[in-house]
4 protein chains.
Amino acid sequence: MTCNSQTKLISSTLKKNGFMQTVNENKKIGRKERERLFKRREILLAAVDLFARNGFENTKLDDIAEASEFGKGTLYNYFHNKEEIYFASIKQIFDDYCEMHERILNNTETLKEYFEETTKSLIQYCVNNKSSFIMLVRFRTRIMDRQKLEGFNLLTGFYEQVNQMLTKRIKQAIKNNEIRKVDSESLILLYKSMIIPYLHLNFIANDNLEIDVEKETKFILSVLFNGILIK
Amino acid sequence: MTCNSQTKLISSTLKKNGFMQTVNENKKIGRKERERLFKRREILLAAVDLFARNGFENTKLDDIAEASEFGKGTLYNYFHNKEEIYFASIKQIFDDYCEMHERILNNTETLKEYFEETTKSLIQYCVNNKSSFIMLVRFRTRIMDRQKLEGFNLLTGFYEQVNQMLTKRIKQAIKNNEIRKVDSESLILLYKSMIIPYLHLNFIANDNLEIDVEKETKFILSVLFNGILIK
Amino acid sequence: MTCNSQTKLISSTLKKNGFMQTVNENKKIGRKERERLFKRREILLAAVDLFARNGFENTKLDDIAEASEFGKGTLYNYFHNKEEIYFASIKQIFDDYCEMHERILNNTETLKEYFEETTKSLIQYCVNNKSSFIMLVRFRTRIMDRQKLEGFNLLTGFYEQVNQMLTKRIKQAIKNNEIRKVDSESLILLYKSMIIPYLHLNFIANDNLEIDVEKETKFILSVLFNGILIK
Amino acid sequence: MTCNSQTKLISSTLKKNGFMQTVNENKKIGRKERERLFKRREILLAAVDLFARNGFENTKLDDIAEASEFGKGTLYNYFHNKEEIYFASIKQIFDDYCEMHERILNNTETLKEYFEETTKSLIQYCVNNKSSFIMLVRFRTRIMDRQKLEGFNLLTGFYEQVNQMLTKRIKQAIKNNEIRKVDSESLILLYKSMIIPYLHLNFIANDNLEIDVEKETKFILSVLFNGILIK
DNA sequence: CATGAATGAGGTTTCATTCAT
DNA sequence: AATGAATGAAACCTCATTCAT
């Protein structure tokens, strides 16, 4: 349908921007290059964990080197500096998110369906990838320092594209009398604030909280869709 | 009413914990002590601004000294170390919040009224005190490092008290058929995530955004109360 | 006798150098000046205690101010800087020693008598004035930094005079067949090392040691006079 | 004999405590480790010299860095902090002393022989290693601040072991009618105060004193053994 | 490529001294 | 004379980055 063709377009746009770049996609690379990418990924794996636990400023290159079982100098064969490791870590997470988002856009028709799917998937992802989830939380704060930080533009640029697709779907839903007439941008922001920050507050309030994905999904959606008042 | 007597109690509990302590309350202090508090406040004023703009780790004591127009060593006559300056800054903000919260609890009866008042007041506060608002945003991330940081217990203890009061009111509202039956803790967390994080995302999305307090309040509450679906 | 005339001479020499200067000697000073000297002495009293406990580098002017119950700035009305307080503290102790030494020289005839008296008196003094004793211990180490420190020359100059008197007495004792023929300078140094350093090692070995003055005196002298071997 | 079997035991006790640990003992270490130890030793060499000249508090890390021709940060690859450098310096000296002491215990039978050997060797060591000698002098004062300083326990523990061995020998000598009946602990302390402190006073009295090892040894022992009086 | 020793700029903190009151 | 807030030089220590092996 229209939606599909839209998302196909989006998907390829994202790919062009490099957000979807993965190891598997390009079949032409040789063994050497594959090994290199593999090791790079090992470093990022260690980095995500540490950045999540301690934040950017309190993560030392020594820590990353030790955790990834490489020498400290070796890291500089894969990244120019600490910040680049950080960005690559974030990008990895964004790529995952992107992939998920694309799939959901392709597989849903109504806005309600979209919200249901994306909420559940995102919460599931956070539960499965605790470190990535915490990095996302930290990133939202850290992004405020963006005047100092190159590379943020690239990442925020990505946000805008996702938002554009979502905006279209919201406007469609309003036209279809599926939802009330609301400012689409505000709705996007409010919806976003109801997932990651909500899980974050849960995380703070209860350190070892085992999140019940179904229950939380249902709760968030019930408020988002119907509110709390009894009419 | 019951609510009032409850809140009176709460209020005094908070005061005992020192969260409400302000310069004015104790009339006995002399000129010297007033001057000292004034200068201390000057330092915090500068610090809040810098911590907000750059975060804790990227704010140097030199910066605070320069901004507050004191010598670097002078800061140590008012605070033991950098972290204490940070905590004092945060506490100032929490005190403000506490005062506001107490006033609203005393002046509202229904949960709907409470949400209306508190949402509007909080957004207004964020608009009026941009630096404090950003510090709150940063604090929510920073609190995840709390295992390292003494002093957080005090602050988080405060959260719990506010939550307890709110919980009572929510349960009352459910009993009164004002709202649907929901898990009160989840509701509190979700509501919280709809204010500061929502404004935060607005802030990120549009750097120099002039927030329209009335409009945002209305929007948040409309979703919180009624949801977005057309039935 | 010869001894007496000697010591009289010595005594006046020392006085001229200012080592014997005390509050009482000069009757001409008025109430204001007496008060000033009294307060100065209060400061030194506190300083000796702190310098003894913590050493020069680890004693802060704040500590001295607090212990002497004066304001920090006030100290600078009595001394130019920290080092001057230190020297004045030491000088006080040297004055005491000087007084004692003079008295003993006047009241003894043979070298044996002199050693008996001076050993006992010095140990007694150390027991009675623990802080002064420890300052002496520290001073002997600190004096090695004298290249940096003005004022040391004055103090070491004093040593030489005492040594000169003692030297004469030793040479006399050798001539009188009281003691074996020994190098007088060496004997002085060895004797000195048998009192303060010996007490010091006792102090280190047994922190709260209650020193038995008679016993220690007897032991030191028995070795000094007769050695340990059985012939 | 008995003595030998005693000392053999002692020797191995000290080794177990790590006081005898030296580079040479363990042949298994590789080139890298040897280089590391060599550089570590270079740093200590510079440190001992500076600590001796200026004392702990007046020796700056910059000084040590400059003197050892390393960057300031490099020092921290070998030691955790300034104090550790200090302790390592002291330990080096104690190790030397320990080795010497063990050798002498093994090679002497009577107490007289022991005193003769140890006095001569110690004075010789001080003459050959002026900086180490001065560090020992300073250490005896500094040890009084031990309540503040971790690591001293290790070092003082060492003292006790040496003392125990010496005590046994003294008691044996008394039983054998070699020396008069004296309190062994007192004798140990007095003997100790006759070496290092005596040399120290020599050093103070005459800055560039060239010490005549034979002469000083003979003098100290003559007093220790026979006293000064003519009977 | 892999390494980790070496580096020094840059951070926090201390404290003797000054000076306005 | 007495005070203590203000000061900033100087100390220790960290850690991202470089580079010789």
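The sequence lines fix the lettering, A, B, ..., with proteins before strands; numbering per chain opens at 1.
- We find that CG of A/L61 is positioned 15 Å from P of E/dT3, with the value rounded to whole Å.
- Below the 3.5 angstrom threshold, one finds a donor paired with an acceptor across the side chain of C/K72 and the base of E/dT17.
- Ion pairing of C/E57 with C/R142 is present here, as a side-chain N (NZ or NE/NH1/NH2) and a carboxylate O approach within less than 4.0 Å.
- Shown here are the side chain to side chain contact (heavy atoms under 4.5 Å, CB included) partners of B/L50, two or more places apart in sequence or in another chain: B/R53, B/N54, B/T59, B/D63, B/I64, B/A67.
- In terms of phosphate contacts, A/Y76 brings no side-chain nitrogen or oxygen within less than 4.0 Å of OP1 or OP2 of E/dC1.
- Taking 4.0 angstrom as the limit, C/Y78 places none of its side-chain polar atoms (N or O) nearer than this to OP1 or OP2 of F/dA1.
- A side-chain donor-acceptor contact under 3.5 Å links A/K82 to the backbone of A/F56.
- Remark on DNA chain F: of its neighbouring residues C/L75 and A/E57, the 5'-side contact belongs to C/L75, judged by nearest-heavy-atom nucleotide.
- Set against F/dT7, F/dC15, F/dA1, the side chain of A/K60 has F/dC15 as its closest nucleotide.
- A distance of 9.0 Å separates CD1 of A/I90 from CZ of A/F51, quoted to the nearest 0.5 Å.
- The CD-C1' distance, from B/E35 to F/dA5, rounds to 10 Å in whole Å.
- Nearest-nucleotide positions on DNA chain F place C/K39 closer to the 5' end than the other of A/D62 and C/K39.
- Rounded to an integer number of Å, the gap from CD1 of A/I64 to P of E/dG4 is 16 Å.
- In terms of phosphate contacts, D/R36 brings no side-chain nitrogen or oxygen within less than 4.0 Å of OP1 or OP2 of E/dG4.
- One finds a side-chain N or O of C/T74 lying less than 4.0 angstrom from the OP1 or OP2 phosphate oxygen of F/dT3.
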